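What follows is one structure encoded as structure tokens, with my remarks underneath.
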Amino acid sequence: MGTPTNSQIAAALDELGDLYELDGASIHRIIAYRNGARAVRETSVSVAELALAGRATELAGIGATLQEKILALTTDGAIPALEKLRARFPPGLVELTKLPGLGPKRARRLYEELGIDSLDALRSAAQQGRISALRGFGERAEQALLEAAETYARTGPPTRMLLSRALAVGDELIHAIGAVKGCGQAVLAGSARRMAETVKDLDIVATADDPAVLAAAVAALPQVQDSSTPGTHAVRIRTHSGVSVDVRIVTDDQFGDALQHLTGSKEHNVALREYAVRRGLHISEYGVLEDATGLTHRCASEAEVYALLSMDYIEPELREGRGEIEAALAGTLPRLVRASDLKGDLHCHTVASDGTASMQEMAAAAAAAGYEYLAITDHSASMGFGADVSADELRRQIERARELDGTLEGFRLLIGSEVNILPDGSLDYPDALLAELDWVVASVHTSFRMPAAAMTGRILSAIEHPSVDCIGHLSGRKLLEREPYEFDLDAVLEAAARTGTMLEINANPERRDLNEHHAQAAAQAGIRLVINCDAHRPGGFSGFAVHRPAAAHACWTWLISWVVGVRACSG
Ligand code: DGT
Ligand code: CA
Ligand code: CA
Ligand code: ZN
């Protein structure tokens, strides 16, 4: 094989994490591999090349051990530890650990005690009633496993979805569950509540005086296609839209405990538990146990859980196990950016390129969203849409926008462009025309697969251009669809900081770049960040919710200054 790509390396590290978990390794080791995989996936340059240069350890989350494994994969095409583990466990076993209700420990017992090494083997064992005979399983667990295995066989391994879809399905469900008689409240937990980039399944925590009654009612909701045998406090459902949902039902006095646990992330929970143990406390989804007194505190709210640990409340968006606990103890957590902090938007499209509405309609929608200003930034000439904005057309747009702006009370309409950065780093309008614009976003939209050095040079040329105010969606990824292009982040940050070029956090749910790591690094470098919805239609200004996490992470430094006074606004 050639040099492994970042996704191949990440897949190998993930597999190592899965196999170590089966092997009963410590949670720290497992998390180290999972975090490592995530770090590799989010790195914008070739990690194999970094490892060859002995520099992969410079990445947060990659230590000497992981670097050694990456190096082995790069030079020998294989990781010895991975080969050894693969030889030890049958290939179907990892798949089994992904079944809801199973997990590595129980999957391994099924393998060792009943020889179950695949989904098929699991199904026939369950049908023959062999699983319920096993200590700690029982008939209900056997039935649930059979159903889970059958669903899995039908629909394949769980695929992730964009946060926007997760929130749409999730919001409908929590309303439906909340409206069931006897339900107190129903809220989203899990990765959707943390506003993660993508979501595997939804997690919902609901309260009821009689959880079993609510569990049965949830399974009977019209949105539900099938459900695993409802337990008394939990039910796993699959919606007609194909989304899996874990619903946990608790009484009011444990709502905070359950919500905290099920919001995660797993990494956050592990770190939180470790800290608690050092203070003589044991946190679980049922309460906080005080070692000294043997007393279990039940928490009706999450705030009580964090207060019991003598730390500041941590917003779900920050619960990723990246130092938020230390910050909460030190009182240095950031205040999250909220929709109401946004004063305007500097990236949107109209019918002149690939948008659906006119300038007027977009301006009216932005004003209705509470914004004070909006920049129209249609794509430039070389994008190849039916209606590309030629230089002459852009000149007419400038006039139209200025005229329209004159008619708008208390609202500033800016005229700009989202200029394509051509492969050679040049822009596709004459310099004199670009200089006439209020605002220029430069983005890469074509030829993504360039060597990192060339891509970096291409972006740097745009940054150095005197008329470029901002680089749009730096990384070019489309979540679940297209990997980011490779480029040297440090070089880009250096140039952006030096030239005062802003960087965008794009709120389109499939983009969301800068990602949270890059946003944090940019903020630390003193670069101004712009949050844009990249709206292509009047309804597109409501995307803010999904870029909160990146903004939140950028806030870590307190350096962030939201763009309010752009050149044209102040001038
Ligand atoms: P995903 O993959 O998008 O569904 O991400 P999550 O975070 O929603 O993960 P999920 O659905 O597997 O689990 C929901 C939450 O339950 C998770 O965020 C934290 C908690 N949790 C799950 N497994 C464990 C575990 O092994 N240990 C601890 N401490 N917490 C866990
Ligand atoms: Ca989940
Ligand atoms: Ca789940
Ligand atoms: Zn755009």
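Basis for what follows: all heavy atoms, side chains included, without hydrogens, waters or symmetry-related copies. Just so we're clear, the structure is a prediction, and the values are computed from it rather than from any experiment. First listed ligand is number 1; within each ligand, the first listed atom is number 1. For the single chain, residues carry numbers from 1 onward in sequence order.
- Closest approach between the Ca ion (ligand 3) and any N/O/S atom of Asp203 involves OD1.
- Listed here is the closest heavy atom pair of Ser475 and Phe487: CA-CE2, 4.1 Å.
- The distance from the Ca ion (ligand 2) to the nearest N/O/S atom of Asp246 is not under 3.0 Å.
- Ring geometry, Tyr306 versus His268: the interplanar angle falls from 30° to 60°, so the pair is classed tilted.
- For atom 14 (C) of ligand 1, a protein non-hydrogen atom is found at a distance below 4.0 Å.
- Here the protein heavy atom with the shortest distance to atom 2 (O) of ligand 1 is Arg160 NH1, 3.1 Å.
- With Arg322 as the fixed residue, the side-chain hydrogen bond (donor to acceptor under 3.5 Å, both in side chains) test singles out one of Glu267, Gln520, Glu516: Glu516.
- Looking from atom 7 (O) of ligand 1 to the surrounding protein, the closest heavy atom is Arg194 NH1, 2.9 Å.
- Each of the following atoms of ligand 1 lies closer than 4.0 Å to a heavy atom of Asp203: 8 (O), 11 (O), 14 (C).
- Side-chain contact check for Tyr313 and Glu302: at least one donor-acceptor pair (N or O, by modelled atom type) lies under 3.5 Å.
- Residue-ligand proximity, Thr263 to ligand 1, at heavy-atom distances under 4.0 Å covers atoms 18 (O).
- Closest protein heavy atom to atom 18 (O) of ligand 1: Gly264 CA, 3.2 Å.
- Of the protein's heavy atoms, Asn269 CB, 3.5 Å lies nearest to atom 29 (N) of ligand 1.
- Of the protein's heavy atoms, His261 O, 3.3 Å lies nearest to atom 20 (C) of ligand 1.
- Heavy-atom contacts from other residues, nucleotides or ligands closer than 6.0 Å to CD of Glu113 number more than 12.
- With a 4.0 Å heavy-atom cut-off, ligand 1 is reached by the backbone of Leu262 and by its side chain too.
- Atoms of ligand 1 lying under 4.0 Å from at least one heavy atom of Gly190, given by number and element, are 8 (O).
- Test Arg34, Lys266, Arg38 against Glu320 for salt bridge (Lys or Arg N to Asp or Glu O under 4.0 Å) and you get one pass: Arg38.
- Side chain to side chain, Tyr275 and Arg279 meet the donor-acceptor criterion of an N or O pair below 3.5 Å.
- Using a 4.0 Å cut-off between heavy atoms, Asp246 makes no contact with ligand 1 at all.
- Of the protein's non-hydrogen atoms, Ser191 N, 3.7 Å is the one closest to atom 6 (P) of ligand 1.
- Just one of Asp209, Val213, Leu214 meets the side-chain contact (heavy atoms from CB on, under 4.5 Å) condition when paired with Cys183; it is Leu214.
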Inset, instruction - For Val187 and Arg193, run side-chain contact (heavy atoms from CB on, under 4.5 Å): C-alpha distance rounded to whole Å, both residues' side-chain angles, the deciding distance at 0.1 Å, then the answer. - result: CA-CA 9 Å; Val187 301; Arg193 181 166 182 242; 5.7 Å; no
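- When heavy-atom distances to ligand 1 are checked against a 4.0 Å cut-off, Asp201 comes that close through both its backbone and its side chain.
- Remark: of the listed residues Glu483, Glu486, Glu510, Glu197, Glu197 is the sole one forming a salt bridge (Lys or Arg N to Asp or Glu O under 4.0 Å) with Arg477.
- Proximity to Val199 (heavy-atom distance under 4.0 Å) selects the following atoms of ligand 1: 3 (O).
- Among all protein heavy atoms, the one lying closest to atom 9 (O) of ligand 1 is Lys200 NZ, 4.4 Å.
- Taking a 4.0 Å cut-off on heavy atoms, Ser265 registers as neighbouring ligand 1.
- The nearest protein atom to atom 26 (O) of ligand 1, hydrogens excluded, is given as Lys266 CE, 3.2 Å; this is a heavy-atom distance.
- In plain terms, the two heavy atoms of Lys200 and Arg160 that are nearest each other are CB-NH1, 3.2 Å.
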Inset, instruction - For the pair Arg41 and Asp14, evaluate salt bridge (charged side-chain N to carboxylate O under 4.0 Å, His left out) and give the outcome as yes or no after the intermediate values. - result: CA-CA 11 Å; Arg41 245 182 225 111; Asp14 267 333; 2.9 Å; yes
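- The side chain of Arg273, and not its backbone, has at least one atom closer than 4.0 Å to an atom of ligand 1 (non-hydrogen atoms only; side chain from C-beta on).
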